[in-house]
Participant: 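Structure provided below as structure tokens; questions to follow.
By convention in this document, chain letters (A, B, ...) are assigned in the order of the sequence lines, proteins followed by strands, and residues within each chain are numbered from 1. The figures here come from the full heavy-atom set of this structure, side chains too, leaving out hydrogens, waters and symmetry mates.
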Protein chains: 2
Amino acid sequence: MKESERQLKEFGIRPTAMRILVHQFMSGQTSAVSLSAVEDNFEKSDRTTLYRTLKTFEEKCMVHQIDDGTGIPKYALCNHDRDEGKHADLHLHFHCTECNQTICLTEHRIPTIHLPDGFVPEDINMLVKGICDNCNH
Amino acid sequence: MKESERQLKEFGIRPTAMRILVHQFMSGQTSAVSLSAVEDNFEKSDRTTLYRTLKTFEEKCMVHQIDDGTGIPKYALCNHDRDEGKHADLHLHFHCTECNQTICLTEHRIPTIHLPDGFVPEDINMLVKGICDNCNH
DNA sequence: CATTAAATGCACTGCCATTGCACGTACATA
DNA sequence: TATGTACGTGCAATGGCAGTGCATTTAATG
């Protein structure tokens, strides 16, 4: 896909074959993916490469890392439609304890929080665990 | 302290010497502690014992586990003053990226969230990262 | 084509949660 | 007091997964 290549360039990432494939893969996902998941999808490639690929994507703010409480970091493409600046991941994340999938609820902004005096917030992470729509039927 | 012993019994935990000590230790903490932190404080005892001690405390709902994004689980005594039922940890957690401490902001309840249709919430985790009061001076 | 930087693959380290097993200790019951 | 049983503790080992160092390959540039 030329589209993936274009996107990569847009974020200042050199569009290598591997990176294009990984981007395509992530574009096709409805939920966040773990490194292992990517690994399983590209058995030909090395774990380290994929690891660093995701890191690069993250540094360039093309994907954001999600901590869904499983201890295994997940990654998802950022949604830059709405201009969220550097904090492109300031939305709600939902982790389904049934199917073990983690999805971004980009519609649901994290409500503003008032902290005690002297506390300066820099990043906010909000995670809801439960049963997702799919598993509820 | 007889107090720690009393508390343990109250939660249905047999008050062994080790458990009493761990409880006392946690009572004296202002921030959440990791297993390693407890370990460092009780060099005489075994890591496994402390690990299982914390697990037991958690199962009996005397402490709650906190995921502060560091990948290392932290534990803190639950605040049962306000009756939160099983969800005694439904408050905000703050992780200071400077001193690396994680504290419970029990005053700050997590705001109610409206999820899309079909999504059933069971647990909510909200974490703010930033600079704490202490490190700000 | 030559030079240089970046990307990739391999081997390895290391942290830390978690588990299996054996031994010790408290508690209940006769 | 003896004895059995469940629970607590300690040791050793496993295993998952993040992260790193280094050598090799690939791509970009003049």
Side-chain angles (χ1 to χ4, degrees), chain A residues 2 4-9 11-26 32-60 62-76 95 100 102, chain B residues 2 4-9 11-26 32-60 62-76 95 100 102:
Chain A
K2 283 292 169 192
S4 286
E5 194 175 336
R6 194 186 60 72
Q7 289 251 2
L8 287 167
K9 282 179 184 167
F11 283 99
I13 304 168
R14 258 166 67 181
T16 67
M18 200 66 245
R19 289 172 175 175
I20 292 173
L21 285 174
V22 172
H23 180 269
Q24 281 178 232
F25 173 66
M26 294 190 75
V33 296
S34 65
L35 171 57
S36 300
V38 181
E39 209 181 335
D40 291 346
N41 205 261
F42 297 101
E43 294 184 355
K44 321 283 175 54
S45 182
D46 186 69
R47 200 182 62 82
T48 313
T49 304
L50 298 171
Y51 170 75
R52 285 196 259 240
T53 299
L54 290 175
K55 279 284 180 215
T56 303
F57 285 6
E58 191 190 356
E59 276 163 22
K60 299 295 186 177
M62 192 171 72
V63 308
H64 59 281
Q65 190 177 348
I66 305 164
D67 177 3
D68 63 4
T70 60
I72 298 168
K74 305 280 167 63
Y75 301 86
H95 176 71
N100 216 32
T102 302
Chain B
K2 282 292 170 193
S4 287
E5 196 175 335
R6 193 186 60 73
Q7 289 251 1
L8 287 167
K9 281 178 185 167
F11 284 98
I13 304 169
R14 258 165 69 180
T16 67
M18 200 66 246
R19 289 171 175 174
I20 293 173
L21 286 173
V22 172
H23 180 269
Q24 280 179 233
F25 174 66
M26 295 191 74
V33 296
S34 65
L35 171 58
S36 298
V38 180
E39 207 182 338
D40 292 344
N41 206 261
F42 297 101
E43 293 185 356
K44 320 283 174 55
S45 182
D46 185 71
R47 180 181 177 79
T48 314
T49 303
L50 299 170
Y51 170 75
R52 287 196 257 240
T53 298
L54 291 176
K55 280 286 180 212
T56 303
F57 285 6
E58 192 190 354
E59 275 164 21
K60 299 295 187 178
M62 191 171 73
V63 309
H64 59 281
Q65 189 178 350
I66 304 166
D67 177 3
D68 63 4
T70 61
I72 297 168
K74 304 281 168 62
Y75 301 86
H95 176 71
N100 216 31
T102 302

Participant: Can a donor-acceptor pair be found, under 3.5 Å and without considering hydrogens, that links the side chain of B/Arg47 to the backbone of B/Glu39?
Facilitator: no
Participant: If you compare all heavy atoms of A/Pro73 against all heavy atoms of A/Gln65, which two are closest, and at what distance to 0.1 Å?
Facilitator: CB-NE2, 2.9 Å
Participant: Could you pull out the closest heavy-atom pair between B/Arg19 and B/Arg14, with the gap in Å?
Facilitator: NH1-O, 3.0 Å
Participant: Below 3.5 Å between N/O atoms, which protein atoms pair up with nucleotides 22-27 of chain C? Just atom names and distances, please.
Facilitator:
none

Participant: Which atoms form the tightest heavy-atom contact between A/Ile66 and A/Ala32, and what is the distance?
Facilitator: CD1-CB, 3.7 Å
Participant: With the threshold set at 4.0 Å, does a side-chain nitrogen-carboxylate oxygen contact exist between A/Lys9 and A/Glu5?
Facilitator: yes
Participant: Could you state the interatomic distance from OG (B/Ser34) to CG (B/Leu54), rounded to the nearest 0.5 Å?
Facilitator: 9.5 Å
Participant: Can you check the B/Tyr51 OH to C/dG20 P distance for me, whole Å?
Facilitator: 11 Å
Participant: Would you please confirm or rule out a distance under 4.0 Å between OP1 or OP2 of C/dA17 and any side-chain N or O of B/Lys55?
Facilitator: no
Participant: Measure CD/B/Glu58 against C1'/C/dT18 and give the value in whole Å, please.
Facilitator: 14 Å
Participant: Once you round it to whole Å, what is the distance between P of C/dA7 and CG of A/Leu8?
Facilitator: 11 Å
Participant: Whole angstrom is fine here: how far is it from CG in B/Asp40 over to P in C/dC15?
Facilitator: 13 Å
Participant: Students should find this one: the first and last nucleotides of DNA chain D, 5' to 3', lying under 4.0 Å from a heavy atom of chain B. What are they?
Facilitator: D/dC7 to D/dA12
Participant: Which pair of non-hydrogen atoms, one from B/Lys60 and one from B/Phe11, has the smallest distance, and what is that distance?
Facilitator: O-CD2, 3.4 Å
Participant: State, to 0.1 Å, how close B/Gly69 and A/Asp67 come at their nearest heavy-atom pair, and which atoms those are.
Facilitator: CA-OD2, 3.4 Å
Participant: Below 3.5 Å is the cut-off: list the nitrogen or oxygen pairs between protein and nucleotides 8-12 of chain C, distance only.
Facilitator:
{"from": "C/dT8", "atom 1": "OP1", "to": "A/Thr16", "atom 2": "OG1", "distance (Å)": "2.8"}
{"from": "C/dG9", "atom 1": "OP2", "to": "A/Ser45", "atom 2": "OG", "distance (Å)": "3.1"}
{"from": "C/dG9", "atom 1": "OP2", "to": "A/Thr49", "atom 2": "OG1", "distance (Å)": "2.7"}
{"from": "C/dG9", "atom 1": "O6", "to": "A/Arg52", "atom 2": "NH2", "distance (Å)": "2.6"}
{"from": "C/dC10", "atom 1": "N4", "to": "A/Thr48", "atom 2": "OG1", "distance (Å)": "3.2"}

Participant: So, for B/Met18 and B/Ser45, which heavy atoms are closest and what is the spacing to 0.1 Å?
Facilitator: SD-OG, 3.5 Å
Participant: For A/Leu35 and A/Lys74: C-alpha separation, side-chain torsions, deciding distance, then whether side-chain contact (heavy atoms from CB on, under 4.5 Å) applies.
Facilitator: CA-CA 7 Å; A/Leu35 171 57; A/Lys74 305 280 167 63; over 6 Å; no
Participant: Which of these, A/Leu50, A/Thr16, A/Leu8, sits in a side-chain contact (heavy atoms from CB on, under 4.5 Å) with A/Val22?
Facilitator: A/Leu50
